[in-house]
There are 2 protein chains.
Amino acid sequence: MNIGMPESDYPDIRGLHLFAEMSDEHFQTLMRGSYVQNFPPQIELITEGDPSDFLHVVLSGSVELFSSWNNRETSMATVRPISTFILAATIKEAPYLMSARTLEKSRIALIPSQDVRKVFDTDSGFARAIVTELAQCYRTVVKSQKDLKLRTSLERLANYILRCQRHAGGGDTFDLGYEKRRLASILGMTPENLSRAFKGLHPYGVQVKGRNVSIRSQKDLEQFAKPDRLIDDYSS
Amino acid sequence: MNIGMPESDYPDIRGLHLFAEMSDEHFQTLMRGSYVQNFPPQIELITEGDPSDFLHVVLSGSVELFSSWNNRETSMATVRPISTFILAATIKEAPYLMSARTLEKSRIALIPSQDVRKVFDTDSGFARAIVTELAQCYRTVVKSQKDLKLRTSLERLANYILRCQRHAGGGDTFDLGYEKRRLASILGMTPENLSRAFKGLHPYGVQVKGRNVSIRSQKDLEQFAKPDRLIDDYSS
DNA sequence: TTGGCTAATTGACATTAATCAATTTTGAAT
DNA sequence: ATTCAAAATTGATTAATGTCAATTAGCCAA
């Protein structure tokens with residue numbers, strides 16, 4: 001465990017939208033109280049219900065946000081470098097709504113929540129950035145909610161594949177992005193159902209081998225999936 | 001249609017968390033460009049995909065936020081006085097993700113989005129309030145997402161009833177809060193399924209007559225519903 | 001009060017998805 | 001390469017939910 005933030009990590013964090021516009025002085029203030037840790041895979045970083053003591057920044061690796069209730073568990077989102085999580089809880093000084101665990105070996109920066117709140121009040125650049133980030137988070141969840149409520153699991157998978165393709169550059173063959181059991185949870189279904197859903201997309205030209213997907217007929221798949229920018233465009 | 005904001009509406013709006021902490025000067029700036037309209041029931045106020053020209057404030061009545069895709073429609077949330085909607089789209093200068101329609105005769109204030117963004121940059125009290133409001137919105141959607149992904153429709157209904165009861169003061173008989181078809185959509189099910197779900201809760205002491213619900217056995221219902229503050233407590 | 005409209009309910013059925021159990025496949029460690 | 005454990009797939013079945021059609025109930029306006 002490393003205590004204190006190595007200066008070598010500063011540029012990565014400074015490069016985040018969230019920290020790009022603030023004054024050097026305030027940035028230094030935040031960094032002074034922060035530290036960085038390396039975690040192995042599958043480590044639970046935070047547990048839902050706990051008080052939000054730190055804003056977390058994923059510097060490398062990846063982190064899954066998940067929730068549990070009544071012995072069931074579901075994957076809510078994945079955080080990839082370089083971005084933050086638990087921002088809303090930090091701002092509201094409220095307990096975490098989701099737990100977080102590393103998916104792989106990850107490097108995480110921890111910034112004390114009270115420092116974040118303090119600097120927020122004095123640095124308008126930082127305040128602006130936080131609002132933008134929060135609005136983005138909110139809109140992402142709303143899109144996800146629409147996906148869940150308006151589409152069947154087959155349609156969700158089809159649209160996930162198209163988003164994945166776009167994210168990978170638009171080629172007709174690409175990586176699925178997740179282990180299948182995790183993807184199933186993200187899409188709100190069981191692994192068995194996902195396996196069958198892939199077969200259900202076969203008539204639309206979708207081929208899957210391990211984590212590799214290939215789309216034989218872009219047109220057929222899009223015609224079935226009916227992607228919608230107000231659900232599937234994660235950039236706005 | 002009334003053009004311009006009557007001064008008599010100022011106190012209601014000023015009383016909102018969102019506008020309570022800002023300077024008088026900035027508040028006046030916002031109000032000068034704003035206006036208030038009265039709408040009959042079932043009027044579509046905004047349509048998803050449209051540019052976000054105004055921040056909306058519900059002064060009286062109620063407004064439903066809903067979304068459509070592929071000829072399907074789902075209810076996303078209800079906005080009751082006195083609160084705002086479309087804040088995230090306003091901040092991000094992005095298109096609305098949801099449509100809005102009045103449920104009843106409603107009085108709505110419209111504040112130009114560009115004014116909101118401008119004042120945000122200069123008034124730190126306002127900035128703070130916007131962040132708090134957005135964080136609240138975000139957490140509300142996350143809770144709703146957990147409700148959807150972790151619970152069956154029967155469990156969602158049971159917990160809805162308990163939340164409703166709490167909101168109504170805790171008595172064992174209270175109003176359902178919505179027309180049943182709308183509640184079904186909010187809970188992510190069909191009206192037929194909702195009707196059967198009410199029957200499914202009968203063994204736990206739930207009686208429904210029209211919009212009136214009564215709980216015969218608080219303990220049984222809670223034991224079944226397993227309410228969780230990280231899903232069902234809308235105050236934090 | 002009485003139509004007449006919409007909402008709500010009910011039954012029958014179809015579809016979708018979850019569960020359980022049994023293999024098969026995969027991938028990481030040796 | 002070999003081995004082992006976890007992941008993925010498959011089949012059979014059950015459970016949950018949606019759809020369609022037909023009533024029934026409730027409400028508002030004339």
Side-chain angles (χ1 to χ4, degrees), chain A residues 40-42 64 69-75 101-105 147-161 175-204 206-213 224-225, chain B residues 40-42 64 69-75 101 103-105 147-161 175-203 206-213 224-225:
Chain A
Q42 303 299 330
E64 176 182 37
W69 177 79
N70 193 26
N71 250 356
R72 296 168 213 168
E73 181 183 308
T74 191
S75 188
R101 71 163 75 93
T102 53
L103 288 175
E104 50 192 310
K105 191 165 169 302
D147 191 47
L148 275 170
K149 289 186 80 175
L150 289 167
R151 290 171 171 164
T152 66
S153 61
L154 198 59
E155 290 164 343
R156 290 199 296 278
L157 176 59
N159 281 289
Y160 173 81
I161 288 173
D175 186 273
L176 202 51
Y178 296 101
E179 206 178 346
K180 284 180 185 157
R181 57 171 30 245
R182 194 172 317 285
L183 178 58
S185 183
I186 289 169
L187 295 176
M189 57 178 116
T190 60
E192 295 94 328
N193 193 16
L194 176 63
S195 187
R196 288 167 185 133
F198 275 120
K199 284 190 174 170
L201 291 181
H202 200 114
Y204 304 103
V206 175
Q207 302 268 327
V208 189
K209 173 85 82 170
R211 285 179 49 141
N212 191 271
V213 185
F224 171 74
Chain B
Q42 302 299 329
E64 176 182 37
W69 177 81
N70 194 25
N71 251 355
R72 296 167 213 168
E73 180 183 309
T74 191
S75 187
R101 71 164 75 93
L103 288 175
E104 50 192 309
K105 191 166 168 304
D147 191 46
L148 275 170
K149 289 186 81 175
L150 290 166
R151 290 170 171 164
T152 66
S153 60
L154 198 59
E155 289 163 343
R156 290 199 296 279
L157 175 60
N159 281 291
Y160 172 81
I161 288 173
D175 186 273
L176 201 51
Y178 296 102
E179 205 179 347
K180 283 179 186 159
R181 55 173 30 244
R182 196 172 316 286
L183 178 59
S185 183
I186 289 169
L187 295 176
M189 60 178 113
T190 58
E192 294 95 328
N193 193 16
L194 175 63
S195 187
R196 288 165 184 134
F198 275 120
K199 285 192 172 167
L201 291 181
H202 199 116
V206 175
Q207 302 268 325
V208 189
K209 172 86 80 170
R211 286 179 49 143
N212 192 271
V213 185
F224 171 75

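Order of the sequence lines sets the chain letters (A, B, ...), proteins ahead of strands, with each chain counted from 1.
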For C/dA17, does either OP1 or OP2 sit under 4.0 Å from a side-chain N or O belonging to A/S153?
yes
How far does CD of A/Q42 sit from CG of A/L103, to the nearest 0.5 angstrom?
6.5 Å
Whole-Å distance between C/dG27 P and A/R211 CZ?
10 Å
Within the 4.0 Å heavy-atom criterion, would you say A/G200 contacts the bases, only the backbone, or no part of the nucleic acid?
nothing
Closest to the 5' end of DNA chain C, once A/M189 and B/G210 are matched to their nearest nucleotides, is B/G210
Taking NZ from A/K149 and P from C/dA17, how many angstroms apart are they, rounded to a whole number?
16 Å
Just N and O in the side chain of B/T190: are any of them under 4.0 Å from OP1 or OP2 of D/dT17?
no
Please give, in whole Å, the distance from D/dG18 P to A/L150 CG?
12 Å
Once you round to the nearest 0.5 Å, how far does CD of A/E179 lie from CZ of A/R211?
7.5 Å
Using whole Å, report how far CG of A/N193 lies from P of C/dA18.
5 Å
Pair of N/O donor and acceptor under 3.5 Å linking C/dT19 base with A/R196 side chain:
yes
Rounded distance in Å - NZ (A/K209) to C1' (C/dT25)
11 Å
What's the spacing between B/R156 CZ and B/L194 CG if we round to 0.5 Å?
10.5 Å
Might you work through the side chain to side chain contact (heavy atoms under 4.5 Å, CB included) test for B/W69 and A/D147, ending with a clear yes or no?
CA-CA 9 Å; B/W69 177 81; A/D147 191 47; over 6 Å; no
When we call it a touch if two heavy atoms are under 4.0 Å apart, what does B/E192 touch: a base, just sugar-phosphate, or nothing?
base
Report the distance from atom NZ of A/K180 to atom P of C/dT26, rounded to the nearest whole Å.
9 Å
Whole-Å distance separating the CZ atom of B/R182 from the C1' atom of C/dA7
12 Å
note: A/R151, atom CZ; D/dT17, atom P; distance rounded to Å ~ 21 Å
Could you go through B/L187 and B/L157, starting from their C-alpha distance and side-chain angles, then the distance that decides it, and tell me whether this counts as side chain to side chain contact (heavy atoms under 4.5 Å, CB included)?
CA-CA 7 Å; B/L187 295 176; B/L157 175 60; 3.8 Å; yes
